[in-house]
Amino acid sequence: MKLIIAVVQDKDSNRLSNALIKSNFRATKLASTGGFLKAGNTTFMIGVEDEKIDEAIGVIKANCKVRDQLVSSVSPVGGTTDSYIPFPIEVQVGGAAVFVVPVEKFEHF
Ligand code: 2BA
Ligand code: 2BA
């Protein structure tokens with residue numbers, strides 16, 4: 001068995017939940033926060049039998065979109081650190097960051 005940990009955008013989380021149920025995958029959703037954007041995202045923990053890993057990742061891929069997002073950043077004016085002006089930068093937020101980790105033991109009672 002493996003545990004899939006998938007960080008996805010909040011906008012995709014309901015669609016992904018429904019798709020996982022439809023494909024008969026069990027999952028747990030955790031509210032999380034991106035370290036860089038400091039905005040909410042959703043982390044799915046999906047316990048899956050080894051032979052179903054690719055299918056589960058396929059469901060994630062099909063339901064999570066890449067999006068561009070503007071972030072306000074600050075930069076020193078004129079190279080000094082005396083004054084800062086905010087300016088927008090665009091980052092591409094991925095559809096999902098997916099980790100697959102081995103599960104030593106799974107008990108369910
Ligand atoms: P839920 O996903 O809210 O599921 C609550 C209960 O609903 C489940 O109890 C199960 O009896 C039923 N259920 C879930 N998915 C189903 C489906 N596709 N078809 C029919 N019935 C379904 P438990 O199996 O005892 O799970 C309790 C909670 O533990 C789950 O809450 C979920 O948050 C977590 N969980 C269970 N198995 C998991 C797994 N393989 N990976 C990740 N989280 C899991
Ligand atoms: P955030 O940390 O809020 O990052 C959002 C997006 O900002 C990232 O999208 C990336 O395009 C950009 N970004 C992040 N750190 C950056 C940096 N130091 N410099 C420039 N741009 C940066 P994704 O890479 O698709 O990541 C989306 C979310 O997935 C992340 O939200 C984070 O919560 C999670 N994530 C991504 N890689 C991870 C990793 N290696 N470990 C744990 N979580 C990860």
Side-chain angles (χ1 to χ4, degrees):
M1 191 183 211
K2 299 277 192 291
L3 181 67
I4 298 178
I5 302 171
V7 185
V8 311
Q9 296 178 46
D10 285 345
K11 283 178 186 155
D12 295 321
S13 106
N14 266 341
R15 198 155 41 122
L16 178 57
S17 274
N18 293 334
L20 287 169
I21 293 169
K22 221 173 179 180
S23 302
N24 213 21
F25 288 109
R26 306 267 162 126
T28 298
K29 274 163 74 173
L30 309 172
S32 46
T33 305
F36 186 69
L37 293 179
K38 300 178 181 72
N41 52 29
T42 304
T43 300
F44 281 80
M45 295 198 310
I46 312 164
V48 183
E49 297 304 330
D50 286 21
E51 61 275 14
K52 293 239 171 180
I53 292 288
D54 291 342
E55 187 189 339
I57 291 174
V59 173
I60 299 170
K61 216 175 218 170
N63 287 281
C64 297
K65 277 196 224 154
V66 175
R67 293 184 184 88
D68 292 325
Q69 198 162 316
L70 282 176
V71 205
S72 181
S73 184
V74 285
S75 167
V77 178
T80 74
T81 50
D82 297 344
S83 47
Y84 287 83
I85 48 160
F87 70 100
I89 53 163
E90 196 169 68
V91 292
Q92 195 177 66
V93 187
V98 179
F99 306 85
V100 179
V101 296
V103 174
E104 207 159 287
K105 194 171 176 182
F106 171 68
E107 290 201 30
H108 184 230
F109 42 81

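Indexing begins at 1, ligand by ligand and atom by atom, following the structure's order. All values below were derived from every heavy atom in this structure, side-chain atoms included, with hydrogens, water molecules and symmetry-related copies excluded.
- Considering only non-hydrogen atoms, atom 23 (P) of ligand 2 lies nearest to Gly94 out of Ala39, Gly94, Gly34, Ala96.
- Closest protein heavy atom to atom 38 (C) of ligand 2: Phe99 CZ, 4.1 Å.
- Polar contact with ligand 2: absent for Ala97 (N/O pair, distance under 3.5 Å).
- Nearest to atom 1 (P) of ligand 1 among the protein's heavy atoms is Ala27 O, 4.9 Å.
- Only side-chain heavy atoms of Asn41 come within less than 4.0 Å of ligand 2; its backbone N, CA, C and O stay farther off.
- Contact analysis puts His108 in contact with ligand 1, with a non-hydrogen atom separation below 4.0 angstrom.
- Put simply, atom 15 (N) of ligand 2 has protein non-hydrogen atoms near it, under 4.0 Å away.
- Taking every non-hydrogen atom of Thr28 and a distance limit under 4.0 Å, the qualifying atoms of ligand 1 come out as 32 (C), 33 (O), 34 (C), 35 (N), 42 (C), 43 (N), 44 (C).
- Atom CZ in Arg67 sits 12.0 Å away from atom CD in Gln92 (nearest 0.5 Å).
- Among the atoms of Gln92, some N or O lies under 3.5 angstrom from an N or O of ligand 2.
- Considering backbone and side-chain N/O of Ile21, none are found under 3.5 Å from N/O of ligand 1.
- For atom 43 (N) of ligand 1, a protein heavy-atom neighbour is present inside the 4.0 Å cut-off.
- Taken to the nearest 0.5 Å, the CD atom of Glu55 stands 4.5 Å off from the NZ atom of Lys52.
- In this structure, atom 27 (C) of ligand 1 has its sub-4.0 angstrom surroundings free of protein heavy atoms.
- Less than 4.0 angstrom separates some heavy atom of Gly47 from each of these atoms of ligand 1: 39 (C), 40 (N), 41 (N), 42 (C).
- Both Val100 and Val48 belong to a common hydrophobic cluster when Ile, Leu, Val, Met, Phe, Trp and Tyr are linked at side-chain heavy-atom distances under 4.5 angstrom.
- Within a 4.0 Å radius of atom 9 (O) of ligand 1, the protein contributes no heavy atom.
- Of the protein's heavy atoms, none falls inside 4.0 Å of atom 3 (O) of ligand 1.
- The structure places CG of Leu20 at 12.0 Å from CZ of Arg26, a figure rounded to the nearest 0.5 Å.
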- Step by step, would you call Thr42 with Leu16 a side-chain contact (heavy atoms from CB on, under 4.5 Å)? CA-CA 10 Å; Thr42 304; Leu16 178 57; over 6 Å; no
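- Remark: minimum distance from atom 19 (N) of ligand 1 to any protein heavy atom is reached at Arg26 NH2, 3.9 Å.
- Side-chain atoms of Val91 and Phe36, non-hydrogen and from C-beta on, do get closer than 4.5 Å to each other.
- Counting protein heavy atoms under 4.0 angstrom from atom 40 (N) of ligand 1 gives one or more.
- For atom 18 (N) of ligand 1, the closest heavy atom belonging to the protein is Asn24 OD1, 3.5 Å.
- Of the listed residues (Val7, Val93, Val98), the one carrying the non-hydrogen atom nearest atom 6 (C) of ligand 2 is Val93.
- Residue Ile46 forms a side-chain contact (heavy atoms from CB on, under 4.5 Å) with just one option from Ile60, Thr28, Val98, Leu3, and that option is Ile60.
- Checked by atom type and distance alone, the side chain of Asn63 never pairs as donor or acceptor with a backbone atom of Asp12 at under 3.5 Å.
- Applying the 6.0 Å contact sphere to CG of Asp68 captures more than 12 heavy atoms from other residues, nucleotides or ligands.
- Contact of the Gln9 side chain with the Asn41 side chain is not registered, since no non-hydrogen atoms from C-beta on lie closer than 4.5 Å.
- Taking hydrophobic clusters as Ile, Leu, Val, Met, Phe, Trp and Tyr residues chained together by side-chain heavy-atom distances below 4.5 Å, Ile57 shares a cluster with Phe25.
- When the shell of 6.0 Å around NZ of Lys29 is examined, it contains more than 12 heavy atoms from other residues, nucleotides or ligands.
- At the top of the distance list for atom 13 (N) of ligand 2, counting protein heavy atoms only, stands Phe36 CD2, 3.3 Å.
- With rounding to the nearest 0.5 angstrom, the CD atom of Glu104 is 14.0 Å from the CE atom of Met1.
- Here Leu37 has heavy atoms under 4.0 Å from ligand 2 in both its backbone and its side chain.
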